[in-house]
Structure formats: C-alpha cells, structure tokens
Amino acid sequence: MLVRTLDASSISGYTRCMNGSAADLLKNLNEPQRQAVSHRDGPLLVLAGPGSGKTRVITRRAAHLVRTGVPTPNILAITFTNKAADEMRRRIDELGVARGMWVYTFHALGVRLLREFGSLARVRPGFTIYDVDDQIRLVKEAMDHAQVPEASLKAEQIQHRISRAKNQLQTPEAFARSANFSEGRMVAGVYAEYERRLERNNAVDFDDLLMRIAVMLRDYPDLAESLGRRFRYLLIDEYQDTNHAQYLIARYLSQHHRNICVTGDPDQSIYGWRGADLNNILEFERDYPDAKVVRLEENYRSTQRVLHVADTLISANARRKHKKLFTANAPGAPVRLWNFYEGRDEANRIAETISRLRAGGRGYGDFAIMYRVNALSRGLEEAMRNRGIPYRIARGVEFYNRKEIKDTLAYLHVLVNPDDDIALLRIINTPTRGIGKTTIDRLKLLAAEQRTTLMNVLANVSAFPEMRVSAPKILPFVALLGRMREALEKPVSECVSAVLSMSGLEDDLRKEHESGGEDRLANVQELVSAAGVYEAEALEPGIAEFLSRISLTSDQDAIDAGASSVLMLSLHAAKGLEFPIVFVVGIEQGLLPHDRALAGDGDIEEERRLLFVGVTRAQEELYLTHARQRLIRGALTPRSPSQFLKNLPHDGLEAQDFDDGPRASADYDEEHSQAPRRGWQPRSGFADPTHSKNMRLFAARRRRPGDEFGENELNIPAPQVQPPAASRFADWKIGTLVQHKEYGVGQVQWIQPSAEQTRAGIKFPRVGEKTFILEKAPIQLLKR
DNA sequence: TGGAGCGTAATTTTT
DNA sequence: TTACGCTCCA
C-alpha cells in the first residue's frame, strides 16, 4: 500500500530508447571493462584503479542495461557527489537513455524517500535539513538544556559522536546502554535531547537522511521488498567510501534481485575519518559469495613512471585488494623529489617551474598544486602572485558559511517550516532589532517549559507577563514574518527578493558595502538569480525543494578543472580529477601523515592513500616536495621528511636537493620582495559568487573573458568596460536570465560588447555554456 | 543590547 | 596567522 506511488505509476510511459545498439556500447573497451559493462545478473564488484576508465564503464553499463531491455525506472544509480550524479546523468543521456532513471547521491535519495514515506520515519512534510553548522548549534542548545558545560566536552566532538552513532543506526537508548563511562553517558544524554529537538523542529540532519532510510527499510520489510522489486539493478559508485548506514541501504534495496554492482578502489578511500568503512568493499565477496569481480588495472591517465611510483607507494598498505596497475603509455619524465631549506623556497621553485614550463608551451590550466591542509596554500599564493601566475584555489570550509547567504536562507527556512528553531534563532535579531540575549534566553526558557517551539512562544508572546518588556520588539518581528509568509505564493526568486528587502538584510548589506566593506550584497543577489535558474529548470519549482537542493549542494560541486589558471587544492578535493602536471607539497612528517593520524586516532594507511590519490592525479609530470622548515600558524617550525618517502621506489625517481641553507633562502627573499605586486587586491574585497556554495548550485559559475585569472587579477584592470548605453543589450548583465529559441532558458555568464556586435556566454541547464553574437542569435530577455 | 578587545585553539570535509 | 567566542563596558 505504501509503495503504490512509486511502483505502478512511473514505470509505464517511458519509451525505451532505441537509437544505437547494445553492441555499440561494448566498442572501444578493454576486456575487463567489457565484462563489467556486459555482466547482467548477480552481484558485481568492479575494482577500478585510478585512471582506469571507471566512469565510462558505469555509464556504459547503465546504458547497456537499458538497450538490452531494462526499463530505466528499474535502475537506480548512486554516487557521492551531485557533480558526479549530474555527470553520470549527462553521459548516460548522451548515450540516449537517461530519462526515468534514478541517479542520485545517497543523501538525495534519502530526501526523495523521506518526502514520500516520511510518516514512517518521524518526519512531517516541509522538514528542514540541518547541515553541520546547524547540527552544532542544536547540540549546543541540547547541551544547555542537559546542563552539560561546554568546558567538559566540545559541541563539535559531541556532534561527531552523535554522527558516528547514527551511522551505526544507534539510537540514543542504544548509545546510552553501550556507554560505560560518565563521558559516554553525558553524550547519550545530549544525543537524546538533540533528537527530541530535531523532532520538535521538524528537522533531520545529514546523517538522518541515511539512518532514517536504513531504519525504515529494516522496520518495514514490505516497503523494502517493493522498493527492492522496483530497482532491478543497483549501481553504486565510490563504494569504498560508504559508511555502515549506506551499506545497509544498499543491502536492503538489492536483496530482492541481488543485482548490485559496486565500483570503487580501496586504495582511494580517504574518508574513514567521516565514517566510511573500508570493510564494505574489502568484504563485498563475503557479503555476496557469488559476486563476480572485475579488476580494471590498465591505466589510461599517467606515464609509466608516475604509475610505478604510485603502485610502489601503495603496496606498503596492508588493507587493500590486490591490484597491479599498468599502462601502455610512454615511460615519461622521471618523477621529481625535491627537498628545500624552507617552505618559501619550495613555493618559489614551483612558481618558477610553472613559468618556465608555461614558456615552453604549457597552459596554466595544466598545473595543479596539492597539499594536505588548506593552510599551505598561503605561501604558494604569494609565490604565484609574485610571478604573475594566475591561480585558483578550491577551498573547503571557507565557502561553506557565507553569513549573508545563510541568513537569507534562514528566513526562508522559517517560512517553510515555522518549527525550525535553529533558523529562527539565526534571524530573530538579524538584522538587529533589539531582541538581545536576555530576551532570547527567556523565550527559550518559555519554549522549554511549554514543551513547544519558539515560534509558538513568539506567536503568543502577549500571553506571558514576563515578556511584557520585550513584547514591543517581538510583535513587529512576528508581524513581519506574517507578511513574508504571503510572499511564499510568489515564484521562488521573487520570494527570495521579498525576504531580502522586507527583512532589512538588503539595506544592511548595501550600507556595509557603501561604507567600504565587502560586496556581500552581490552574493545574495546571486542567490536570487540562482533561484531564477532553478525556477526555469525545475519541473515543479517550490521553495521547499529549492532549500533542500541547496542543503545538499557542496563545495566539491564547484571545482571547475577547465579554466586556464593553476589550481591549488587539498588532496581530498583532488580525488577524481586529473592534470598534466601535478605538484604535491609539504610531504613531511606531521603534515602527511598528519599529526592527528600519528597521534593514533587516525589511520596511517589512509594518509598513505591520500598521497596515492595525489600521485595518481598526474598525467605526465609529477613533483613531490618537502622542506626542512616552514611557516605554520605564523611560526617557523622545523620539519622532517615524510615516512612515506621511504615507500617510494628508487628507479624512475629523480631526487634533487635544493636545501643549501639559510643564505640561499635569504637571496630568494631579497629577489622577491622587490617584485612588483601587480594589481593584486586583498581577497576580502571580492564578491566572487563562486565563493558561496549556493551560487555554484545551479551551475551558475560565472566566467567572463579575463576571468581566467581567478581571484587575483593580475592584469591591468580587466577591460570590463560597459558599452555605450545605446546598445540594445544594455540591460543584459551577468546573471540575467534569457530565452533561446532552441536551448530554452539560460543565464548570462559573461558579456563582451564591442562596436559592431555583442558577444555573450550563456549557460543552459541541458547543453551547458554556449557563446552567441547577440545581434544574430534567436535569443531574448526572459520575461516573467 | 551590542560592539570592541582579548584569549585560545586550530585536518581533511563527498552530503 | 587567523578566526571565533567570550567578557567587559558604553
């Protein structure tokens, strides 16, 4: 009964696509690849070494299933990032067969199923998804309530423990039972209160998106059975990174047909610290004794020497599946191992090398510099700037919490889900409206006493004598929310605009900008246009869905490997990418392996895998570097070479020692401190939309001529001059939504007017970015 | 109530 | 080095 909605309605009505034959899909594949693509029924484990054409195999396999008669709605493909999901959908679509197929991340699948079966998982419609930031706030609230002082255990740690417990499907009760020590019991208490609050707020956290689905499938076998029947074929990518909850979901969904195909590489498992369980892939054959195992060992990416270094390095690990990497590629240049006196020398030598190779014909986009911790990017940045090398940084957390975006979204969350106390607390005094800590504490106390949400207290604030003093501040706020609620009827982008202007956020940000601050107004305006793109592209656009899409979008989705600038990124962020020339810096004890891993609460093998991931990103040239001392947190600290250097082979490697002591370094200093810093501006001055995760959501990556230089403008101020206002395209700006006769709705990415014609790059949801001469193209401004 | 000023503690971050 | 949280004072 529960399952009716999913099963019957959707399967019929999809016509199977017949262009191209199944045999075509087996062309241009090596033997193991062909086996993986054509394998039909029963469990399949594809162990895919780096650069072995894994994505190709997965997409071809999905297409092959369809072309040999499996209706698309019977296939479920699961990835780890939205980017990967989009990419897979796109590539399957290119093969002519994506329509109707479920291609999701585990978490998006969770949202989808919770929307449908939420009542079985203690979730009401309109639920909010809490990200890590929200989770920590909620943990703090719970700690307050449970009278746990933050001094005893930090909220982050408790959040981490709760997250671990949820991955293991452990309820607060189970957690309490297993807790032997007072600390554990304390965490259990906070966990229980945290859960009560989630429920009261009608919210779920990231882990719930997995846990609740796994519990639901466990507790409602008829649901598991009918979903399992529907999904005749299950494909899961990056299986080495699944945690226990994801493992269970995969098991429940595949138990009927047992057609589970997982792909991955134990050697590239780098998220153990986040609960990923390497055993899931290592013991796949124990779980499915009849599994067929295919090894993709031929590498199409790297030179023989790079691969040899990678292979030798990783053989030092014990927890792995045997694989022998090989390639038909050329031997290539020796892998360089460079040693420096100081971190700055390392950075300068790399910058110099990039300049030299670039003069020899390489593009800046051919280079990537990787490090274990983001903090290492600083010195590199400086060296790049000094030499005028354009670069981009794929930074992690920095993008996560754009305050202005989170504030705006918090308003929307409150409108959609008034029970969301965390969002309400965020906006109750933002912008400031005289509702301070004392008032808020009283409101919280009342909510706790009445066992209700803050919103209910606010709505009845006049009923509480103790709130008499602050009521004049609170009532207008309640009224404001009431007026805003009317805006929910409007299209999503207008609703966002309305919230911005009505809340006063917009005015605040404008003032801040005018008084010389950051242009954060531009960021929230980008949110409006992202909403516009979403509206144009979604089947049934709605605020609630817009918000959950945002919650599930991450920084990772933004890395754009195509631009012509040097990319600097963490080793974690590098997974899945490739570059002709790669530098891995700071290969030192305490950094790689990181201190935390050395201290024992980490995993040395995982650290080695990180280096392996870095090494295997290189197509042609690889440089591994370390220094004898380096500036860390402002202090010059002595460093020693990483233990992993002992795992490298002697052949194919060329070690160079640039450590000629302090004097050489001083020379460098002198030389470079004189270098003109052409036009560099402080990073804080930028309102680059790509800095906010929300902007990168709906593919609204801004690019315009001259932007290859990323955030450091190296050229003379780019010719971003607007044309004479007479142009009939004067209204067209970056972010403007337009309608193309053939491609539909798109968004202006860049625009370049000149005397005779105006060229512009327009990005479309389906076909990506296209360049047009506006005077000639069948294109016009989108009218609402 | 809210801003300034100081002390403290710092991986990685698919969702 | 930097970012955040807390305390203190206007």
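Reminder, nothing fancy here: chain letters follow the sequence lines and each chain counts from 1. Keep in mind it's a predicted model, so treat the numbers as computed, not measured.
- Centre separation under 5.5 Å together with a plane angle under 30° does not hold for the ring of A/His572 and the six-membered base ring of B/dT12, so they are not marked as stacked.
- Closest to the side chain of A/His594, from the set B/dT11, B/dT14, B/dA9, is B/dT11.
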Can you list, pair by pair, the side-chain donor-acceptor contacts under 3.5 Å of residues 638-645 of chain A, counting residues two or more places apart and other chains?
from, atom 1, to, atom 2, distance (Å)
A/Arg639, NE, A/Glu588, OE1, 3.0
A/Arg639, NH2, A/Gln589, O, 2.9
A/Ser642, OG, A/Leu592, O, 2.8
A/Ser642, OG, A/Phe644, N, 2.9
A/Gln643, OE1, A/Gln589, NE2, 2.7

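- Residues that satisfy the ring pair (Phe, Tyr, Trp, His ring centres under 6.0 Å) test with A/His160, not counting sequence neighbours, are absent from this structure.
- A distance cut-off of 5.5 Å between ring centres, combined with a plane angle under 30°, leaves A/Trp273 outside any stacking arrangement with the base of B/dT13.
- Among residues two or more places apart in sequence or in another chain, the salt bridge (charged side-chain N to carboxylate O under 4.0 Å, His left out) test is passed with A/Asp207 by none.
- For residues 424-434 of chain A, the pairs satisfying side-chain hydrogen bond (donor to acceptor under 3.5 Å, both in side chains) are A/Asp407-A/Arg426, A/Tyr411-A/Arg433, with sequence neighbours left out.
- Taking atom CG on A/Leu376 and atom P on C/dT2, their separation rounds to 15 Å, with Å as the unit.
- A/Arg378 places its CZ atom 13 Å from the C1' atom of B/dA10, with the value rounded to the nearest Å.
- Residue A/Asn374 places at least one side-chain N or O closer than 4.0 Å to OP1 or OP2 of B/dT13.
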Please list, pair by pair, any protein nitrogen or oxygen found under 3.5 Å from a nitrogen or oxygen in nucleotides 1-4 of chain B.
from, atom 1, to, atom 2, distance (Å)
B/dT1, OP1, A/Gly436, N, 3.3
B/dT1, OP1, A/Thr439, OG1, 2.7
B/dT1, OP2, A/Thr438, N, 3.2
B/dT1, OP2, A/Thr438, OG1, 2.3
B/dG2, OP1, A/Gly434, N, 3.4
B/dG2, OP2, A/Asn429, ND2, 2.7

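- Here A/Phe284 pairs with A/Tyr239, A/Tyr288 under the ring pair (Phe, Tyr, Trp, His ring centres under 6.0 Å) rule; sequence neighbours left out.
- Salt-bridge check for A/Glu382 with A/Arg378: failed, with every basic side-chain N at 4.0 Å or more from each acidic carboxylate O.
- Rounded to whole angstrom, the span from the CG atom of A/Asn82 across to the P atom of B/dT13 amounts to 17 Å.
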